[in-house]
Amino acid sequence: MVEYHQMLTTSLPPVTLISGVGLLLLAMTARYNHSTNRVRQLLRERNSIAPRENQDLNHEIDLIFERASLLRMSILTVVLSATFSGLQVLAGILECLFMLNLDVLKLGALILSIGCLLISTIYFVKEVSLSTKAIGLSVEHR
């Protein structure tokens with residue numbers, strides 16, 4: 001017989017991790033959308049002054065594009081983290097339903113989930129650092 005309490009207890013930590021990862025994903029997606037919109041805006045601006053080459057504008061476009069690339073990798077790894085957390089929940093439920101021992105699978109999914117979260121954080125910190133550098137360059141040019 002399946003005990004609901006045991007299934008809920010097994011699923012709670014990964015579900016909590018998924019919630020936290022979801023909030024992080026929301027913040028990263030907002031930053032990604034802002035950076036891609038800004039690149040589009042700068043490209044339109046550059047195209048409107050086509051006869052004249054503007055190195056500062058090109059450099060700003062390159063920096064924002066690099067930021068967007070870092071954010072894309074950060075988003076990918078945070079989604080992978082959520083996926084591995086979901087796998088933990090699934091393994092816990094299957095374990096309870098079929099009286100299996102899936103501890104190795106759950107541990108592996110936990111390690112991969114936390115690892116992806118750490119990698120995502122590294123990409124995110126690099127993006128924030130690059131953003132700060134870009135702001136510093138903008139301040140210097142004014």
(request) Check Arg46, Glu45, Arg40 against Leu42 for a side chain to side chain contact (heavy atoms under 4.5 Å, CB included) and give me the one that passes. (result) Glu45

(message) Hydrophobic cluster membership, with links at side-chain heavy-atom distances under 4.5 Å among I/L/V/M/F/W/Y: are Met28 and Phe84 in one?
(response) no

(request) Please check if Ile122 and Leu117 belong to a single hydrophobic cluster, counting links between Ile, Leu, Val, Met, Phe, Trp and Tyr side chain heavy atoms closer than 4.5 Å. (result) no

(request) For Arg38 and Gln41, run side chain to side chain donor-acceptor pair (under 3.5 Å): C-alpha distance rounded to whole Å, both residues' side-chain angles, the deciding distance at 0.1 Å, then the answer. (result) CA-CA 5 Å; Arg38 182 70 178 136; Gln41 179 186 20; 2.8 Å; yes

(message) Counting only heavy atoms from other residues, nucleotides and ligands, does the tally under 6.0 Å from CZ of Phe124 exceed 12?
(response) yes

(request) Quick one: list whatever passes side chain to side chain donor-acceptor pair (under 3.5 Å) with Ser35, sequence neighbours left out. (result) none

(message) Has Thr132 got a side-chain atom pairing as donor or acceptor with Val128's backbone, closer than 3.5 angstrom?
(response) yes

(message) Arg44 vs Asn47, test: side chain to side chain donor-acceptor pair (under 3.5 Å). Steps then yes/no.
(response) CA-CA 5 Å; Arg44 279 192 299 274; Asn47 291 339; over 6 Å; no

(message) Measuring from atom CG of Leu110 to atom CD1 of Ile114, what distance do you get when rounded to the nearest 0.5 angstrom?
(response) 5.0 Å

(request) Please name the pair of heavy atoms, one in Leu87 and one in Ala109, separated by the smallest distance, quoted to 0.1 Å. (result) CD2-CB, 4.2 Å

(request) Report the C-alpha distance between Leu25 and Thr29 in whole Å, list the side-chain angles of each, state the deciding distance to 0.1 Å, and finish with yes or no for side-chain contact (heavy atoms from CB on, under 4.5 Å). (result) CA-CA 6 Å; Leu25 184 59; Thr29 303; 4.0 Å; yes

(message) Let me confirm one number: the OG-CG distance from Ser113 to Leu118, rounded to the nearest 0.5 Å.
(response) 9.5 Å

(message) Can you tell me how far apart CG (Leu100) and CD1 (Ile93) are? Round to the nearest 0.5 Å.
(response) 13.0 Å

(message) As an exercise, state the distance from CG of Leu112 to CD of Gln88, rounded to the nearest 0.5 Å.
(response) 9.5 Å

(request) Decide whether Met73 and Leu130 are clustered together by the hydrophobic rule: side chain heavy atoms of Ile, Leu, Val, Met, Phe, Trp, Tyr closer than 4.5 Å, transitively. (result) yes

(request) Verify, without hydrogens or angle tests, whether Ser131 (side chain) and Glu127 (backbone) share a donor-acceptor contact under 3.5 angstrom. (result) no

(request) Using modelled atom types only, decide if a donor and an acceptor are shared between the side chain of Ser74 and the backbone of Leu70 within a distance under 3.5 Å. (result) no

(message) Please tell me whether Leu23 and Ile18 are part of a single hydrophobic cluster in this structure, the criterion being side-chain heavy atoms less than 4.5 Å apart.
(response) no

(request) Mark yes or no for whether Ser129, through its side chain, and Val125, through its backbone, hold a donor-acceptor pair below 3.5 Å. (result) no

(message) Using 0.5 Å steps for rounding, measure from the CG atom of Leu94 to the NZ atom of Lys106.
(response) 10.5 Å

(request) Supply the atom-to-atom distance Asn37 CG to Tyr32 OH, rounded to the nearest 0.5 angstrom. (result) 10.0 Å

(message) Under a 3.5 Å distance rule, please check whether Ser120 uses its side chain to pair with a backbone N or O of Cys116 as donor and acceptor.
(response) no

(message) Under 4.5 Å between side-chain heavy atoms, counting indirect links through other Ile/Leu/Val/Met/Phe/Trp/Tyr residues: same cluster for Leu71 and Ile64 or not?
(response) no

